[in-house]
Amino acid sequence: MPFSLLLILLSLTFTDICNSTQDSLKLPLLHRTPIPTPFQVLSSDHYRLHHHHRHYRASVKSPIISGASSGSGQYFVSLRLGSPPQPLLLVADTGSDLIWVKCSACKNCSEHPPSSSFLTRHSSSFSPTHCFNNICRLVPHPDPNPCNKTRLHSPCRYEHSYSDGSVTSGFFSRETTTLNTSSGKETKLKNLAFGCGFHESGPSVTGPSFNGAQGVMGLGRGPISISSQLSRRFGNKFSYCLMDYTLSPPPTSFLIIGGSQNDLVPQAKEMSFTPILANPLLPTFYYIGITSVFVNGVKLRIDPSVWTIDEMGNGGTVIDSGTTLTFIKEPAYGEILTAFKRRLKLPSPVEPTPGFDLCVNVSGIPNPSLPRMRLELVGGAVLSPPQRNLFIQTSERVKCLAVQPVEPGTGFSVIGNVMQQGYLLEFDRDRSRLGFSRRGCALPAH
């Protein structure tokens, strides 16, 4: 379907959300105990769906919660759905478009723990979308003809798959969501389109990485993501800080939809920017361009073609909050691994750590000397993550390199949420650029 047609369909569908009132959203980002080993990650589906305001808009601001305390490597955002509102924790995922929640149609729900699911019968504003509704064309379906003659009065059924084979399916629906703006006002938005999931399977949506979550908040570039649905209402950008999951007590960080980081976070004026690149074959993802990789100041000999997107849509590097570790394509990964091994002077652990290629024993060493990596990006920006973003504590005595090779058959590299920790990141969709800064996330500089 042409992208211009999708925008027309969205303008007709989201009339209650996209009104003329200017405001913005600030949503807490939440991370709930150290991440378990081996890591479980929410890898985004490779094949998903694929405005303009120059004046200041306020924003919606909500805390981001670390999932560490529940054994998850994800970051959660609280979303209140329904009338009256029901609070739900959703994985914040820049690598997918669909917003979906676990749903239950039961009335008494004594068999469901509180807030484990969205209770549709407890909401007076819940409305499944009809299969003939134009917006139904924007979601993947369990069969190629969702509105055949035997289903003339059927709701819109969706089936969304992730790259590890995990699946969520149910009814594509509409609901009222209650949000707090950055000015402190509470606002209700009608007709938020989301997946009401009645069946989930696979590690990405049922395993340890999903502990504590009731669904996924897709923040991708496609038209059904929450960032796209709210763009005309709040502005076509969003930003977040992912706080270090090892800090106790965990500091509060926020997902901000719309507005200006310069007004909300003064340190944003010190941001570096790199272009967000487009891949027409995989339009969901936020691609950035890597030009060079340095380890301890030494430039690695990596063919630049590893970082480019070819005519088949393969290659490139995606920045993804819903993936925990960082994954690098070969042969670049092999060069990086070799460079780190050459510069490490610490002993290896007695027992290998499953799932990691490089680990060291740091027992009795309060501040171990670990190699540093620097990524030079398109446009001249430089990403120099601190050691805590490169090596993670997998046990009391062991640290492991939080970079792994891309699985065979996966076409691109991924910068995961561990690598993003401690950065203020701004996804400016109007200007097609990613801004980042080590200032503004309340973390020490090293």
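Heavy atoms only: backbone and side chains are in, while hydrogens, waters and symmetry mates are out.
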* Step by step, would you call Asn236 with Arg429 a side-chain hydrogen bond (donor to acceptor under 3.5 Å, both in side chains)? -> CA-CA 6 Å; Asn236 202 17; Arg429 291 151 51 110; 2.8 Å; yes
Taking [X] for the side chain and [Y] for the main chain, is one N or O donor matched with an acceptor at less than 3.5 Å?
{"X": "Gln214", "Y": "Leu88", "value": "no"}
{"X": "Asp93", "Y": "Met217", "value": "no"}
{"X": "Asn296", "Y": "Pro371", "value": "no"}
{"X": "Asn361", "Y": "Pro347", "value": "no"}
{"X": "Thr177", "Y": "Arg80", "value": "yes"}
{"X": "His160", "Y": "Tyr158", "value": "no"}
{"X": "Asn314", "Y": "Gly411", "value": "no"}
{"X": "Thr206", "Y": "Gly202", "value": "yes"}
{"X": "Gln393", "Y": "Glu396", "value": "yes"}
{"X": "Asp428", "Y": "Arg431", "value": "yes"}

To the nearest 0.5 Å, tell me how far [X] [atom1] sits from [Y] [atom2].
{"X": "Lys329", "Y": "Ser305", "atom1": "NZ", "atom2": "OG", "value": "8.5 Å"}
{"X": "Ser348", "Y": "Leu358", "atom1": "OG", "atom2": "CG", "value": "7.5 Å"}
{"X": "Thr317", "Y": "Asp320", "atom1": "OG1", "atom2": "CG", "value": "12.0 Å"}
{"X": "Arg388", "Y": "Leu390", "atom1": "CZ", "atom2": "CG", "value": "11.0 Å"}
{"X": "Ser78", "Y": "Leu89", "atom1": "OG", "atom2": "CG", "value": "5.5 Å"}
{"X": "Asp357", "Y": "Gln404", "atom1": "CG", "atom2": "CD", "value": "6.5 Å"}

For [X], what residues pass the side-chain contact (heavy atoms from CB on, under 4.5 Å) criterion, not counting sequence neighbours?
{"X": "Ala339", "result": "Val295, Leu300, Arg343"}
{"X": "Ser369", "result": "none"}
{"X": "Leu375", "result": "Ile290, Val293, Met373, Leu377, Leu383, Ile415"}

* Asked: Do the ring centers of Tyr333 and Phe327 come within less than 6.0 Å of each other?
  ->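 No, ring centres 6.0 Å or more apart.
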Between [Y] and [X], is there a side-chain donor-acceptor contact under 3.5 Å, judged purely by atom types and distance?
{"X": "Ser228", "Y": "Ser225", "value": "yes"}
{"X": "Gln421", "Y": "Tyr75", "value": "yes"}
{"X": "Asp97", "Y": "Thr284", "value": "yes"}

Side-chain touch [X]/[Y], heavy atoms, less than 4.5 angstrom:
{"X": "Lys102", "Y": "Ser104", "value": "no"}
{"X": "Phe356", "Y": "Val403", "value": "no"}
{"X": "Lys399", "Y": "Ile392", "value": "no"}
{"X": "Thr168", "Y": "Val216", "value": "no"}
{"X": "Gln86", "Y": "Leu79", "value": "no"}
{"X": "Phe194", "Y": "Leu81", "value": "yes"}
{"X": "Val382", "Y": "Arg374", "value": "yes"}
{"X": "Gln420", "Y": "Ile319", "value": "yes"}

What pair of heavy atoms forms the shortest contact from [X] to [Y], and how long is it?
{"X": "Ala381", "Y": "Thr274", "value": "CB-CB, 4.4 Å"}
{"X": "Asn417", "Y": "Ser321", "value": "ND2-O, 3.1 Å"}
{"X": "Ala193", "Y": "Ile135", "value": "CB-CD1, 3.5 Å"}
{"X": "Ala278", "Y": "Arg221", "value": "CA-NH1, 3.9 Å"}
{"X": "Val91", "Y": "Ala213", "value": "CG2-CB, 3.9 Å"}
{"X": "Ile309", "Y": "Gly316", "value": "CG1-CA, 3.8 Å"}

* So Phe172 and Trp100, side chain to side chain contact (heavy atoms under 4.5 Å, CB included) or not? Walk me through it. -> CA-CA 9 Å; Phe172 199 50; Trp100 67 268; over 6 Å; no
* Determine, step by step, whether Phe198 and Phe171 satisfy the ring-ring contact (aromatic ring centres under 6.0 Å, His included) criterion, reporting the C-alpha distance in whole Å, the side-chain angles of both residues, the deciding distance to 0.1 Å, and the verdict. => CA-CA 8 Å; Phe198 289 99; Phe171 299 138; 5.7 Å; yes
* To do: Look at the aromatic rings of Phe412 and Tyr287 and report parallel, tilted or perpendicular, splitting at 30° and 60°.
  =>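 Phe412 and Tyr287: perpendicular rings.
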* By ring-ring contact (aromatic ring centres under 6.0 Å, His included) - contacts of Phe427 (at least two apart) ->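 ring-ring contact (aromatic ring centres under 6.0 Å, His included) check on Phe427 returns Phe238, Tyr240, Tyr286.
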* **Counterpart residues, ring-ring contact (aromatic ring centres under 6.0 Å, His included), relative to Trp307 (two or more places apart)** =>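 With sequence neighbours excluded, Trp307 shows a ring-ring contact (aromatic ring centres under 6.0 Å, His included) to no residue whatsoever.
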* Over-ring placement of Arg438 relative to Tyr423, 6.0 Å and 45° cut-offs ->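 So Arg438 does make the cation-pi contact.
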* side chain to side chain contact (heavy atoms under 4.5 Å, CB included) between Leu346 and Leu370, worked out -> CA-CA 9 Å; Leu346 297 171; Leu370 301 170; 3.9 Å; yes
* To do: Start with the C-alpha gap between Ile99 and Leu192, add the side-chain angles, then the distance that decides, and say whether side chain to side chain contact (heavy atoms under 4.5 Å, CB included) holds.
  => CA-CA 9 Å; Ile99 312 160; Leu192 180 74; 4.1 Å; yes
* Evaluate salt bridge (Lys or Arg N to Asp or Glu O under 4.0 Å) for Glu159 paired with Arg157, printing each intermediate quantity in order. => CA-CA 7 Å; Glu159 184 174 274; Arg157 298 176 182 270; over 6 Å; no
* **Working for side chain to side chain contact (heavy atoms under 4.5 Å, CB included), residues Ser117 and Cys103** => CA-CA 5 Å; Ser117 302; Cys103 280; 5.9 Å; no
* Asked: For residues 371-400, which residue pairs qualify under ring-ring contact (aromatic ring centres under 6.0 Å, His included), counting only residues two or more places apart or in two chains?
  ->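 Qualifying pairs, neighbours excluded: Phe340-Phe391.
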